[in-house]
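Worksheet for the structure shown next.
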Number of protein chains: 2
Amino acid sequence: MSFDDQLPPKIRLLRAAAELLANSEGSAVSTRQITKLAGVTAPTLYHHFGDKEGLFDAVVSAGFEEYVAGERDFAPSGEPLEDVRRMWDNHVQFGLSQPHLYLVMFGNIRPESRPAIVADAEALLEEMLNKAAIAGQINVPPREAARSILAANVGVTLMLIAEPVEERNLELSTMTRDSMVFAVSTETARGAAAEDSGKSSVVVAAIALNAALQASHSDQLSSSELKLFLEWLHRISSSS
Amino acid sequence: MSFDDQLPPKIRLLRAAAELLANSEGSAVSTRQITKLAGVTAPTLYHHFGDKEGLFDAVVSAGFEEYVAGERDFAPSGEPLEDVRRMWDNHVQFGLSQPHLYLVMFGNIRPESRPAIVADAEALLEEMLNKAAIAGQINVPPREAARSILAANVGVTLMLIAEPVEERNLELSTMTRDSMVFAVSTETARGAAAEDSGKSSVVVAAIALNAALQASHSDQLSSSELKLFLEWLHRISSSS
DNA sequence: CCACTTCATATAGCAACGCTATAGGTGCTA
DNA sequence: TAGCACCTATAGCGTTGCTATATGAAGTGG
């Protein structure tokens, strides 16, 4: 019951809270569960942490410090924007591996209780984007870029957490990540105009696809599939 | 005390909950406050709404319906991507004008209680992006684009809510918005210099055709042919 | 006109919650 | 040994979400 004896109660409380937060499936975690698992009584909790949220903040800080530490060890790949992408993935991974902790951190933030964690995460991203800026790789001030990317990162992570585990599609994350990094970077010639594709009917689209397919030798379909596919395309596109 | 007499209790509960949610500064809203303000007793609430979350969902739905209604009246500007931007701004505006409602909707979503609202918002965006796809303006399937944009939109809105009102900088929103729309659109010659220029036009054409086909119920193909055709289209358009 | 069901609301209260007033125990310093 | 912090426990307050049960009103079939 009191799982970890002879450690100081403060640490036992932290561990008990972390364990319950990590394992509780959606339902809230009560102070009574925590104190029971830690083998202490209620006043001990309030003596050390002030209130329930104080305990959770402490747990979150510990978890986040750990995550940030692993982040820093592993950061410099030479390509700052690649590092930004990896920080994004790490953020998502952190949220998915400890969803309840994550929701405590980012899901319930309000103006009057904005956790320092958000600022920390922002600073970490900004630091990396600063390197990219020095290398002339971004076209937006690093602070704004960091805030923007972090916001999108949080949104994606929350969406993924909200999805049933078996339906989670990490492509949402990589796609949004690349969109954000791309939009912020100077990697591309943004001003160049594309071909005018103003027409919008089925026929026009089918003709365009038909031409494009024949020109590019797509290997997504086998040759027999392609033949039938093109025949159908022809039927569609010749039906005005 | 019971502020709106002679209305049905169900509606009085909805209004009381909405008012308390809108005015409560961060602190939680209790069922007792709600029922007292509505002038009814507890079982009435549970008879009509099941539980507290059911009430909140109903309030949120009502508020969201209102927001969606104003959205639809005002939508077709002829330029789908511009409409997407305006939907983004409306989303942010909704979150900032009713932050507690918004947090109930998007801040606490968990796998087992994912509100239908998220799906609704996604569908609304997807509908608009579908128009863009038909016009050949996006290079990503509309559903994925909608999920991605919505995720970023939610993240930005939560970040803005978390900031003190006087520090709120809407530039975070416009910048992230434009980044997402830009990354998804074909407005630019993204791949022109890269190796995949031919393939990317196939992808764009396939996406446009897919959207157009589903919108127009073409009868050029039988339903079984259409099914297979769409599956191939999906394979082409989801190849990266 | 009366039983009968159905729906909607109220009385009263349970178990669990976050939290605290108060007191007792422990180890240190004088 | 006395005094003093510090830490922890006993016991319980007020509030929470929710419900077992009962009562009233409204319609329906005989």
Side-chain angles (χ1 to χ4, degrees), chain A residues 1-21 23-60 100-101 103-104 107-108 110 112-113 115, chain B residues 1-21 23-60 100-101 103-105 107-110 112-113 115:
Chain A
M1 195 168 306
S2 58
F3 69 127
D4 232 350
D5 241 16
Q6 89 205 25
L7 273 74
K10 184 170 179 175
I11 292 180
R12 279 186 292 170
L13 277 168
L14 278 172
R15 296 203 181 167
E19 181 174 323
L20 288 175
L21 272 176
N23 296 344
S24 79
E25 315 271 330
S27 63
V29 177
S30 71
T31 59
R32 282 173 164 85
Q33 291 176 319
I34 296 170
T35 56
K36 182 179 177 184
L37 180 61
V40 298
T41 51
T44 307
L45 190 161
Y46 295 93
H47 174 71
H48 287 290
F49 299 101
D51 63 354
K52 183 185 182 180
E53 198 172 349
L55 208 201
F56 283 179
D57 280 354
V59 172
V60 162
H100 301 94
L101 260 148
L103 284 177
V104 169
N108 273 324
R110 290 156 198 256
E112 66 275 10
S113 76
Chain B
M1 193 168 309
S2 58
F3 68 128
D4 234 351
D5 239 16
Q6 90 205 27
L7 273 73
K10 185 170 178 176
I11 292 181
R12 279 186 292 170
L13 278 168
L14 279 172
R15 296 203 181 167
E19 182 175 322
L20 289 174
L21 272 176
N23 296 345
S24 78
E25 313 272 331
S27 63
V29 178
S30 71
T31 59
R32 282 175 165 82
Q33 293 176 319
I34 296 170
T35 54
K36 182 179 176 184
L37 178 60
V40 298
T41 52
T44 306
L45 191 162
Y46 295 94
H47 174 70
H48 287 289
F49 298 101
D51 62 355
K52 183 185 181 179
E53 199 172 348
L55 210 199
F56 283 0
D57 281 355
V59 172
V60 161
H100 301 94
L101 259 148
L103 284 176
V104 169
M105 283 203 290
N108 273 325
I109 46 185
R110 291 158 197 255
E112 67 275 9
S113 76

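Side chains included, hydrogens not; waters and symmetry mates left out as well; all remaining heavy atoms used. A note on names: the letters A, B, ... follow the listed sequences, proteins ahead of strands, and every chain is numbered from 1.
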What nitrogen or oxygen pairs link the protein and nucleotides 16-20 of chain D at under 3.5 Å?
{"residue": "dT16(D)", "atom": "OP1", "partner": "Ser30(B)", "partner atom": "OG", "Å": "3.1"}
{"residue": "dG17(D)", "atom": "OP1", "partner": "Thr31(B)", "partner atom": "N", "Å": "3.3"}
{"residue": "dG17(D)", "atom": "OP1", "partner": "Lys52(B)", "partner atom": "NZ", "Å": "2.5"}
{"residue": "dG17(D)", "atom": "OP2", "partner": "Thr31(B)", "partner atom": "N", "Å": "2.7"}
{"residue": "dG17(D)", "atom": "OP2", "partner": "Thr31(B)", "partner atom": "OG1", "Å": "2.7"}
{"residue": "dG17(D)", "atom": "N7", "partner": "Arg32(B)", "partner atom": "NH1", "Å": "2.7"}
{"residue": "dG17(D)", "atom": "O6", "partner": "Arg32(B)", "partner atom": "NH2", "Å": "3.1"}
{"residue": "dC18(D)", "atom": "OP2", "partner": "Tyr46(B)", "partner atom": "OH", "Å": "3.4"}
{"residue": "dC18(D)", "atom": "OP2", "partner": "Lys52(B)", "partner atom": "N", "Å": "2.9"}

Within the sub-3.5 Å range, which N or O atoms of nucleotides 23-26 of chain D have a protein N or O partner, and how far apart are they?
none

### Query
Taking it one step at a time, do Leu45(B) and Thr31(B) satisfy side-chain contact (heavy atoms from CB on, under 4.5 Å)?
CA-CA 8 Å; Leu45(B) 191 162; Thr31(B) 59; 4.1 Å; yes
### side-chain contact (heavy atoms from CB on, under 4.5 Å) between Thr35(B) and Thr44(B), worked out
CA-CA 8 Å; Thr35(B) 54; Thr44(B) 306; over 6 Å; no
#### Entry: Evaluation steps, side-chain contact (heavy atoms from CB on, under 4.5 Å), between Ile34(B) and Phe56(B)
CA-CA 11 Å; Ile34(B) 296 170; Phe56(B) 283 0; 3.9 Å; yes
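At least one donor-acceptor pair closer than 3.5 Å links the side chain of His100(B) to the backbone N or O of Leu21(B). Between the side chain of Glu19(A) and the backbone N or O of Ala16(A) there is no donor-acceptor pair closer than 3.5 Å.
When all heavy atoms of Tyr46(A) and Lys52(A) are compared, the closest pair comes out as CE2-N, 4.2 Å.
Annotation: the span from His48(B) atom NE2 to Leu55(B) atom CG amounts to 10.5 Å, rounded to 0.5 Å. For the atom pair Lys36(A) NZ and Leu20(A) CG, the distance stands at 11.0 Å (nearest 0.5 Å).
Under the 4.5 Å side-chain criterion, counting only non-hydrogen atoms from C-beta, Ile11(B) is in contact with Arg15(B). Side-chain contact between Phe49(A) and Asp57(A) is absent, with no heavy-atom pair separated by less than 4.5 Å.
In this structure, His47(A) does not reach the dA9(D) phosphate: none of its side-chain N or O atoms is under 4.0 Å from OP1 or OP2.
Put simply, CD1 on Ile34(B) is 14 Å from C1' on dT15(D), counting in whole angstrom units.
Taking the 5' to 3' direction, DNA chain C first and last meets chain A under 4.0 angstrom from a heavy atom at dC17(C) to dA21(C).
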